[in-house]
Amino acid sequence: MGLEATLLTNSNSGEAPLILGLQAAALVDHVARVDWSLLDQLPGERGGSIPVAIEELEHILREVKTHVISSPDESLPMKTMAGGSVANTIRGLSAGFGISCGIIGACGDDEQGQLFVSNMSSHAVNLERLRMKKGPTAQCVCLVDASGNRTMRPCLSSAVKLHPKEDDLTRADFKGCKWLLLRYGIINIEVIQAAIQVAKQEGLLVSLDLASFEMVRNYKPPLLQLLESGNIDLCFANEDEATELLRGCNGDQDADPEAALEFLGKHCQWAVVTLGSNGCIAKHGKEIVKVPAIGTANAVDATGAGDLFAGGFLYGLVKGLSLEECCKVGSCSGGTVIRSLGGEVPPESWQWMYKQMQIKGLPLPDIQQ
């Protein structure tokens, strides 16, 4: 781990979290609702996620000020919060479902690092495995259009992160945990591979999110290697990621979500493809279910929808629910975060979710009983 890293402690000391999320580089999200003209200026496809240098990120943040769309429901034109797919899922599981969760990763010794720690700690996330290192914390600009769709520009290249060769991952980190959550990313592929190896030595189940269609398209071989290793127990993909996964495989240029689900189901115990406003399809063994979406009529921002869906689905698995019930909880959970800006769910939206779960006859989290 080296002298430059410091382990953080909080009130959860001594007890291993049930679900551990790997976020090699802690990330802070800057989320704003903007007009089309700013999105048209950015290189790359709208709706995707493309890494940028710090200069480009700072340029976008300056431009946001003149392109922001104000809303009577939002007190600030831009929200800043702990971000990243894994952090969104872990925070939601802890805050909304009362599931014991932790983060393993690294954050910088800067203002963004302090913000990440403060935000996650306030939601009772165990940070004992989060290393604080000298250097900057990763940041991401999340630009939300008038339709609620988001375009993301993360700045990761100079940020501090975990390094498996520096003993940042040990078996002690995973001991006593039941699940390891991962998000696919080529920049962290060595950390991901090392974490899976150690997690499997400790008997953990592993969940993988496919991140973005660009990541799947540009770095497909190592992703297929991960999936075909048999070490991924649960895989989440959205419709674009799922179809991109099979595009070009066996000469197939027009893969559909059902075919992708079938492929993922061959390699993972559980496979889930989310379909936006059309809900989701999921597979476990020979069972396949399709469940409609919830709350999409009130969508403000799609940021974190897949992350919160994953949290709800995992809650269902932890509680021993059926495949269909896991998807229903996921739909309720995913429907909470789209009601406001950013990947953090406000208290009133959690109350909305509990009501939806009650209507559907789903077991409420212990924190609500």
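Computation of the quantities below employed the complete heavy-atom set of this structure, encompassing side-chain atoms and omitting hydrogens, waters and symmetry-equivalent molecules.
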Do Arg217 and Glu214 pass the salt bridge (charged side-chain N to carboxylate O under 4.0 Å, His left out) test, and can you show the C-alpha distance, the side-chain angles, and the key distance before you say yes or no? CA-CA 5 Å; Arg217 177 190 301 163; Glu214 294 105 333; over 6 Å; no
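- In this structure, Asp40 pairs ionically with Arg46, as a charged nitrogen and a carboxylate oxygen lie closer than 4.0 Å.
- Contact detail for Leu93 and Gly311: the closest heavy-atom pair is CD2-O, 3.1 Å.
- The CG atom of Leu314 sits 5.5 Å away from the CG atom of Leu181 when rounded to the nearest 0.5 Å.
- Using a 4.0 Å cut-off between charged side-chain N and carboxylate O, Lys319 and Asp366 make a salt bridge.
- Considering all non-hydrogen atoms of both residues, Val272 and Ala282 come closest at CG2-CB, 4.1 Å.
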Could you walk me through whether Ile196 and Ile232 satisfy the side-chain contact (heavy atoms from CB on, under 4.5 Å) test, starting with their C-alpha distance in whole Å, then the side-chain angles of each, then the deciding distance to 0.1 Å, before giving a yes or no? CA-CA 8 Å; Ile196 291 173; Ile232 307 301; 3.9 Å; yes
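- Aromatic ring centres of Tyr184 and Tyr219: separated by at least 6.0 Å.
- The side chain to side chain donor-acceptor pair (under 3.5 Å) pairs that include a residue from residues 48-60 number zero, where partners must be two or more places apart or lie in different chains.
- Of the possible polar contacts, one joining the Asp110 side chain to the Thr137 backbone as a donor-acceptor pair under 3.5 Å is found.
- Sequence neighbours left out, the pairs with a member in residues 263-273 that pass side chain to side chain donor-acceptor pair (under 3.5 Å) are Asp233-Gln269, Trp270-His284.
- Of all the heavy atoms in Pro365 and Gly96, the pair that sits closest is CG-O, 3.7 Å.
- Among all heavy-atom pairs drawn from Leu210 and Cys235, the shortest one is CD2-SG, 3.7 Å.
- Taking 4.0 Å as the cut-off between side-chain N and carboxylate O, Lys133 and Asp168 count as a salt-bridged pair.
- Salt bridge Arg247/Glu244: present, at least one basic N to carboxylate O contact under 4.0 Å.
- Closest non-hydrogen pair, Ser333 versus Phe309, comes out as OG-N, 4.4 Å.
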Between Asn119 and Glu344, is the side chain to side chain donor-acceptor pair (under 3.5 Å) condition met? List the steps. CA-CA 10 Å; Asn119 183 254; Glu344 182 176 351; 3.2 Å; yes
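- Closest non-hydrogen pair, Ile90 versus Leu20, comes out as CD1-C, 4.3 Å.
- Side chain of Arg183 to main chain of Ser85: no donor-acceptor pair is present (N/O by atom type, distance under 3.5 Å, no hydrogens or angles).
- With values rounded to the nearest 0.5 angstrom, Met152 atom CE is found 4.0 Å from Cys140 atom SG.
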Residues Leu261, Phe263; criterion side-chain contact (heavy atoms from CB on, under 4.5 Å); working and verdict: CA-CA 5 Å; Leu261 183 75; Phe263 173 82; over 6 Å; no
Would you sort out whether Thr80 and His30 count as a side chain to side chain donor-acceptor pair (under 3.5 Å), showing the intermediate values? CA-CA 5 Å; Thr80 300; His30 305 283; 3.2 Å; yes
Given the rule in the side-chain contact (heavy atoms from CB on, under 4.5 Å) test, do Val198 and Asp173 qualify, once you have shown the distances and angles that lead to the verdict? CA-CA 9 Å; Val198 180; Asp173 290 323; over 6 Å; no
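- Placement of Val64 and Ile50 in two distinct hydrophobic clusters is found when ILVMFWY residues are connected by side-chain heavy-atom separations under 4.5 Å, directly or transitively.
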Carefully, step by step, assess Asp307 and Phe236 under the rule side-chain contact (heavy atoms from CB on, under 4.5 Å). CA-CA 9 Å; Asp307 308 331; Phe236 293 102; over 6 Å; no
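- Side-chain N or O atoms of Thr243 include one that pairs as donor or acceptor with a backbone N or O of Glu239 at under 3.5 Å.
- Cluster annotation: Met132 is not connected to Leu156 through the hydrophobic network of ILVMFWY side chains, with a link wherever side-chain heavy atoms come within less than 4.5 Å.
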